[in-house]
Every structure is written in C-alpha cells, then in structure tokens.
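For reference, the structure is listed below as structure tokens.
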There are 2 protein chains.
Amino acid sequence: MKRKVTLKQIARELDVSISTVSKALRNSIEISEDTRQKVQAFAKLYNYRPNNIALSLKNRKTQTIGIIIPEIVHHFFSKVISGIEAVANKRGYNVIVGLSNESFSKEVINMEMLANGSIDGFILSIAKETQQQQDYHHFIETINQGMPIVMFDRVVNEIKCDKVIVDDADGAKLAVNKLIQCGCKNIAIVTTKDYVSVGKLRTQGYLEALEDHKISPKSSLILKVHDQLLSEDHLDSLELEIENLFKNNKNMDGVFAVNELYAITAMKVARKLGLKIPEDIQVIGFTDGVLSKHAVPALTTVSQHGKKIGEKAAELLINNLEREDEEDVYETVVIETELIERESTK
Amino acid sequence: MKRKVTLKQIARELDVSISTVSKALRNSIEISEDTRQKVQAFAKLYNYRPNNIALSLKNRKTQTIGIIIPEIVHHFFSKVISGIEAVANKRGYNVIVGLSNESFSKEVINMEMLANGSIDGFILSIAKETQQQQDYHHFIETINQGMPIVMFDRVVNEIKCDKVIVDDADGAKLAVNKLIQCGCKNIAIVTTKDYVSVGKLRTQGYLEALEDHKISPKSSLILKVHDQLLSEDHLDSLELEIENLFKNNKNMDGVFAVNELYAITAMKVARKLGLKIPEDIQVIGFTDGVLSKHAVPALTTVSQHGKKIGEKAAELLINNLEREDEEDVYETVVIETELIERESTK
DNA sequence: AACATTTACGCAAACGTTTTCGTGTTGAAA
DNA sequence: TTTCAACACGAAAACGTTTGCGTAAATGTT
C-alpha cells in the first residue's frame with residue numbers, strides 16, 4: 001500500500017526544494033527546462049495529484065456545492081440533483097448532499113455541518129417543518145457569513161438570495177384550464193395544507209382559473225390533505241380522504257392534484273368507485289415523474305423540468321461564487337412549466 | 001458580512017496565544033479556569049466553529065464518504081443513498097455524490113476527483129460500461145492507495161473489498177417458484193445482457209428454479225433486452241421486444257422481469273394484447289419501487305431493501321475507516337430479498 | 001533561604017499547497 | 001577586472017487547526 005505522494009516526497013527524492021517541485025509542475029519559467037522535465041517525469045511516474053484539502057485550505061474555497069433537500073427518494077428532487085451535478089461537474093465542482101427529511105432541526109444541523117468550510121455555497125429546498133415554523137435564522141446567518149444560497153422550488157421570499165422556481169400558480173392554471181376546456185364542470189383540487197408554499201400557489205392558480213371562467217369555487221371540492229409526515233399509514237388515510245371527496249361530490253368530473261402521488265391515488269379511488277378515466281372523470285397531476293408516465297391510464301401532468309431547475313440553480317450559484325465584484329444582485333429565475341397531455345384527459 | 005471567526009482572531013482579541021485558545025475551547029486542564037471561561041464565552045458570542053478543512057488537513061481524514069452511482073434518478077439508488085446518509089450522518093460523516101451515468105470514463109474521472117483528499121472512502125455501484133469493458137484498474141489503484149471501497153449491488157468479485165449484495169439468484173428463484181406454484185407452466189424472463197452482473201445472476205436463478213421443477217427452459221422464453229443506454233426511444237424498442245416475446249409464445253402464462261421497468265412494460269404489453277393480469281398471465285418484477293406499488297394491478301415483486309443495503313454499506317465502510325488494526329479482512333454481506341405479493345399474481 | 005513542584009501559558013511543528021521575495025551563480029557588457 | 005542583469009532555485013509565510021514540549025512565575029516543602 002503506497003500512500004499518495006506529496007510535493008515534499010518528490011522534493012526529497014529529487015533533492016530539490018518543495019517550491020521548485022511545485023513550480024516545475026506548474027510550468028513556471030523560473031525553473032530550468034532540465035529540472036522541470038525531471039520533476040514532471042517523476043510526478044507522472046508516481047501519479048502525483050495535488051491534495052484537494054490542502055488546496056481548499058490555501059485558496060479558501062472548496063470547489064464544492066452543498067445541497068440540502070427534504071428527501072432524496074423522490075423523482076423531482078433526484079432530477080434536480082442530476083441537473084446540479086451535471087453543471088457542477090462541468091465547471092469543476094463537486095456536490096455534497098444533505099437530507100433534512102422534512103425536519104427543521106436536521107436542516108439546521110446539516111447546514112451547520114457543511115457551512116464550516118466544507119463547501120462554498122448552498123443549493124436547497126426548504127423542509128416542510130421549516131416552512132411551518134417560519135424560522136429562517138439559519139439561512140440568514142449563512143448568508144451573512146458570506147456563503148451564498150440558491151433556493152429552488154420551495155423558497156421563502158423574505159430571504160435575499162437567488163431563487164429558481166416554477167410558476168406554480170401558472171402551471172396550475174394551465175392544468176385547470178385544460179380540464180375546463182375538456183368539458184369539466186365540477187373540478188376538484190387535491191392539495192396540501194397552506195404552509196407548503198408550492199401547494200398554496202397551486203391552489204391559488206386553481207382558483208384563478210375557475211374565476212377566469214366564471215366558475216365559482218366550492219369549498220367541498222377543495223381537499224387540503226392532512227399530511228402526517230412520513231407516517232406508515234399515510235397512504236391509507238390519503239386514500240380515505242380522497243374517497244370522501246368523491247363521495248361528497250357525486251357530480252365531480254375533474255381532479256387537479258398538486259403532485260403525482262395525489263393524482264395516482266385519485267385515479268385509484270376513481271377506479272375503485274367504478275368511474276372510468278377519462279370518460280367519467282379526468283385527472284391532471286403536477287410533476288412529471290415515472291409514476292405519471294407509467295400509470296394506467298398514463299397521467300396528464302404539469303411538468304416542472306426538474307433537471308433544468310437544477311442546472312439553472314447550479315449556474316446561478318457558481319456564477320455568484322466566481323463573480324469578481326461583490327455586489328449582491330439576486331435573481332429569481334422562473335422555469336416555465338409545460339402541460340404534458342396523456343391519457344387521463346380527453 | 002462578518003466572515004467566520006478563527007482561533008487566531010480570538011487569540012488576538014483576547015491577547016493570548018492561539019494554542020491557549022485552542023486548549024481552552026477543548027477544556028484542557030493546562031488552562032486556568034479564568035481564561036477558559038473568558039475564551040469560551042467569547043467563542044460562543046462569535047459563534048466560533050472549527051474549520052473543517054483545516055481539521056481534515058491536520059487529521060488527514062475528511063469524515064466524508066464518496067458515493068459513485070450510475071444514476072440518481074432511480075428509486076433503488078436513491079433508496080441506497082438515503083440509507084448511507086442516515087448511517088453516515090449518525091456517525092459524523094458527510095456524503096458526497098458522484099454520478100457516472102453508466103459511463104466508464106465518468107466513473108474514473110469522478111473517482112480521481114474525489115480520491116485526492118476529498119474523502120476517506122468510497123461506496124459505489126459499477127457503471128454498465130465498466131462492467132462491459134471489465135477494466136477495473138481505477139478500483140485497484142484506489143484501494144492500493146489505502147482508500148477503502150465498499151461495492152454494492154453491481155460488484156466485481158475479483159476486487160478485494162467489502163461488498164453488500166442481495167442474493168440475486170435466490171431472489172429470482174423466489175419469484176419463479178412463486179409463479180410455478182401459482183400454476184404457471186410457461187414462464188418467460190425479461191432480463192438484461194449478461195455483462196450486467198445482476199441480470200446474469202437473476203437469469204441464473206430463473207434457470208435454477210425451472211430446473212428444480214423439472215421444467216426445461218425454452219430459449220424463446222428468454223428475452224435479453226438490448227439496452228441502448230439512455231436513448232430516447234429506448235422505451236419504444238423495449239416495448240417492441242417484449243411484444244414480440246408475447247407473440248412468439250402464445251402459451252406464455254408467466255413473466256419474471258429483472259427490474260421494475262421491464263415488469264411494468266410487460267404488463268402494459270399484456271394489456272394491449274387483451275390479456276388479463278393475473279388471470280391470463282402473471283407478472284413478477286425485481287426491485288420494490290414506486291412503480292410496483294402504484295401500478296395497476298399492483299406488481300408482485302422481489303424487494304431488495306435498498307435502504308438497508310445503503311445502511312450496511314455505510315457501516316462496513318466506517319467500521320473499516322475507524323478500525324485500529326490495519327488488517328484487511330473483507331466481508332461480503334448478503335441482504336436477504338423478500339417477495340412482496342400484490343395483485344399481479346394469483 | 002534554597003530547592004522542588006505546580007500552574008498557566010507560549011512556541012513551534014505538522015498537515016500539503018502556492019507564491020512572494022531573497023540570493024547565490026552565471027555570463028555578458030563596460 | 002568590475003558591474004549588472006538574467007537565471008535558477010530556496011526560504012518562508014500563509015491557509016486554520018492540534019499538541020508536545022519548554023519555561024517563567026507562583027506556590028509548596030524542607
């Protein structure tokens with residue numbers, strides 16, 4: 001087992017100083033052709049590679065991006081990561097991942113762990129619990145310490161930083177308009193509690209779309225799902241809530257769900273109740289994941305372009321990191337959504 | 001914008017030496033009660049946190065684990081990551097992720113990038129291209145440099161390192177036995193080309209199960225899918241191949257697919273051909289992801305317990321890293337698979 | 001009073017780099 | 001022969017820590 005070779009070892013072996021080796025390897029003109037060749041040959045032979053940690057310490061930058069997301073077993077978030085990774089890698093950065101599991105304290109701890117020198121900046125999406133508690137001190141402190149943050153998807157407006165979002169309200173309108181246009185008269189929405197920012201915005205879009213078409217919203221058609229985070233029987237209770245929605249609204253002919261799971265579950269319930277999709281009831285979801293694509297019938301959905309979100313977030317962060325002038329002008333980039341029509345609508 | 005405070009700054013401010021500050025913060029008995037209090041109060045006030053990079057350099061360990069996987073937008077791999085992350089975090093490690101995208105060169109580059117001091121050890125699953133080329137020099141070199149590796153799922157036996165796998169052959173037998181027991185007489189397998197280790201093993205299990213029941217395998221029932229990696233029309237051609245399988249074997253009454261996608265697609269094709277599941281044909285998949293759970297009918301599948309795999313891999317790696325004695329005894333841990341029965345079998 | 005022992009702190013090295021500056025050795029110009 | 005620039009290299013500082021060791025002052029022991 002041969003340890004990684006260092007400048008010092010090369011220097012000793014070749015009987016020159018460390019500085020000479022370093023300069024030789026970086027092709028400094030200070031070093032004679034002779035020594036340069038000798039050093040480079042030796043370095044190549046022993047497969048010398050500069051130690052990243054030492055460089056990080058010296059340069060006070062790590063070339064590493066920290067990602068904090070609520071969950072990784074999730075099509076949207078993993079898409080975003082893949083986008084971040086692609087851009088980061090191309091620009092010479094690594095990616096280090098922290099999971100909050102939707103918990104405020106894990107989010108804080110993870111950020112503190114990474115903020116102490118391990119990374120140059122954050123890309124993150126906020127935990128539900130944080131959104132609920134509205135405690136954002138850890139973001140503010142991080143930014144105050146000169147570490148830039150880019151938020152995506154679940155963002156908080158009060159924080160001054162770059163953001164990458166989709167126009168949630170607009171995407172929702174897209175979906176609801178489509179349903180209306182397809183002849184739906186009684187459209188339900190299956191959404192989250194209001195503290196989840198994206199849920200709230202999508203609900204808003206739903207309401208606006210109805211209003212645009214002079215349809216007055218009915219509260220019985222609006223289901224804000226109780227989400228006991230990650231609980232085992234979450235799925236069952238979700239199904240139950242949706243089933244009640246169906247039973248209380250016999251004339252319902254369209255469902256807009258703010259995520260894939262809700263949409264899939266709605267379809268399942270509809271089928272159980274003997275309703276045909278899209279003949280009796282049409283369904284549109286949000287987020288274009290595997291479930292939508294492979295569901296039966298395939299789900300019409302609003303695509304968020306997760307990968308593009310990740311790419312843009314990475315670009316914003318790296319641009320910020322590599323910007324010379326230190327003026328903080330923060331951008332909010334909106335990635336356009338797209339309605340992908342499949343079989344769950346007419 | 002206040003930069004992070006360092007020992008040096010505290011020392012200057014309090015007019016003591018850096019060593020005194022360091023010792024005071026670590027509660028050394030060398031330092032008087034007075035100074036200790038003073039220093040600690042000051043440090044708390046300014047929210048001092050030791051710089052991770054400096055510590056890494058000094059201690060020659062980073063408390064960071066490198067993960068290299070072929071793909072992140074994939075239920076199994078993200079499950080594994082979540083398992084790794086959970087254990088790593090609990091034991092004070094961070095997790096840094098590299099994606100190979102199934103490409104040999106990206107795998108090599110990513111590993112080199114991380115091996116230069118950024119991490120203490122690897123957890124990885126091999127890219128298809130690497131399996132195909134059978135070029136493993138980068139693993140060997142990494143290990144020779146004293147950096148431990150844990151391989152999971154797609155492993156290579158020749159490399160001396162810890163491994164976490166499922167008993168693929170056994171899992172496949174489990175599935176095929178179930179099909180036989182449910183009355184299937186003509187069971188097809190939809191699998192990968194042989195160079196994908198897990199595909200090969202699962203095919204093997206399929207054959208063994210047949211043999212155990214004195215059923216002679218028919219080559220027309222064995223479909224080794226052409227996988228043009230990540231190509232756009234991959235899905236279409238997959239569907240086509242499976243459709244041909246069905247058409248060439250009219251008496252087929254069971255399908256074992258070595259992954260979720262193949263299984264789902266098989267069901268889709270079956271439905272298209274007017275076959276009822278599970279009445280006319282029964283289907284079992286491998287890997288228990290969202291697709292299986294939410295498919296219609298819900299898919300009976302062999303669960304791999306991805307999270308458990310990740311947890312175990314992290315444990316092995318960290319144990320190795322923190323082991324005092326340097327003897328290399330390598331373990332291969334087998335995580336038991338489990339047949340999850342749902343609606344696609346009788 | 002003389003010596004021994006604590007006590008409380010600072011110095012310096014080490015981790016592996018890069019880079020500024022200084023310096024001894026050339027060869028050439030004066 | 002003297003002077004000076006060019007050349008080729010080394011010393012040292014810096015990034016932020018931890019820690020073994022040295023030591024001055026304070027205290028304790030005869």
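Computed from a predicted model, the values in this text were never measured in an experiment. No hydrogens, no waters, no symmetry mates; every other heavy atom, side chains included, goes into these values. Letters go in sequence order (proteins before strands), and every chain restarts at 1.
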Legend entry - Given D:dA11, C:dT17, D:dT17, the nucleotide with the shortest approach to the side chain of A:Leu7: C:dT17
Legend entry - Heavy-atom donor-acceptor pair, A:Ser125 side chain to A:Phe152 backbone, under 3.5 Å: yes
Inset, instruction - Nearest whole angstrom, please: distance from the P of C:dA14 to the CG of B:Leu55. - result: 19 Å
Inset, instruction - Quick one: label B:Ser22 by what it contacts on the DNA or RNA (base, sugar-phosphate, nothing), any heavy atom closer than 4.0 Å. - result: base
Inset, instruction - Could you state the atom-to-atom distance from CG of A:Asn59 to P of D:dG16 in whole Å? - result: 12 Å
Legend entry - For atom NZ of A:Lys61 and atom C1' of C:dT17, their distance in whole Å: 15 Å
Legend entry - Gap between atoms CZ and C1', on A:Arg60 and D:dG16 respectively (whole Å): 10 Å
Legend entry - Rounded distance (Å) that lies between atom P of C:dT20 and atom CD1 of A:Ile18: 18 Å
Inset, instruction - Send over the distance from B:Gln9 CD to D:dG16 P, rounded to a whole Å. - result: 8 Å
Legend entry - Main-chain N/O of A:Leu114 paired to B:Asn52 side chain as donor or acceptor, under 3.5 Å: no
Inset, instruction - Hey, could you give me each pair passing side-chain hydrogen bond (donor to acceptor under 3.5 Å, both in side chains) that has a residue in residues 139-165 of chain B? Not counting sequence neighbours. - result: B:Glu102-B:Arg154
Legend entry - Proximal nucleotide (of C:dT17, C:dC11, D:dA11) relative to the A:Asn51 side chain: C:dT17
Inset, instruction - Evaluate the ring planes of B:Phe76 and B:His74, with Trp represented by its six-membered ring, and classify them as parallel (under 30°), tilted (30 to 60°) or perpendicular (over 60°). - result: perpendicular
Inset, instruction - Examine the base of C:dC11 for any acceptor or donor lying under 3.5 Å from a partner atom in the side chain of B:Ser19, and report the outcome as yes or no. - result: yes
Inset, instruction - Please answer whether the main-chain N or O of B:Ser82 pairs with a side-chain N or O of B:Lys307 as donor and acceptor at a distance below 3.5 Å. - result: no
Inset, instruction - Before accepting this row, confirm whether a basic side-chain N of the pair A:Lys308/A:Glu311 lies closer than 4.0 Å to the acidic partner's carboxylate O. - result: no
Inset, instruction - Identify, between A:Val21 and A:Lys58, the residue whose nearest nucleotide on DNA chain D lies closer to the 5' end. - result: A:Val21
Inset, instruction - Starting at atom CG of A:Leu57, determine the distance to atom P of C:dT18, rounded to an integer number of angstrom. - result: 12 Å
Inset, instruction - Among the candidates D:dA11, C:dA12, D:dG16, find the nucleotide nearest to the side-chain atoms of B:Thr6. - result: D:dG16
Inset, instruction - Residues of residues 23-41 of chain A with any non-hydrogen atom less than 4.0 angstrom from an atom of DNA chain C: list those, numerically ordered, please. - result: A:Lys23, A:Arg26, A:Glu30
Legend entry - Crowding at CZ, B:Phe104 (>12 non-hydrogen neighbours, <6.0 Å): yes
Inset, instruction - Could you check how far CG of B:Asn116 sits from C1' of C:dC15, rounded to whole Å? - result: 16 Å
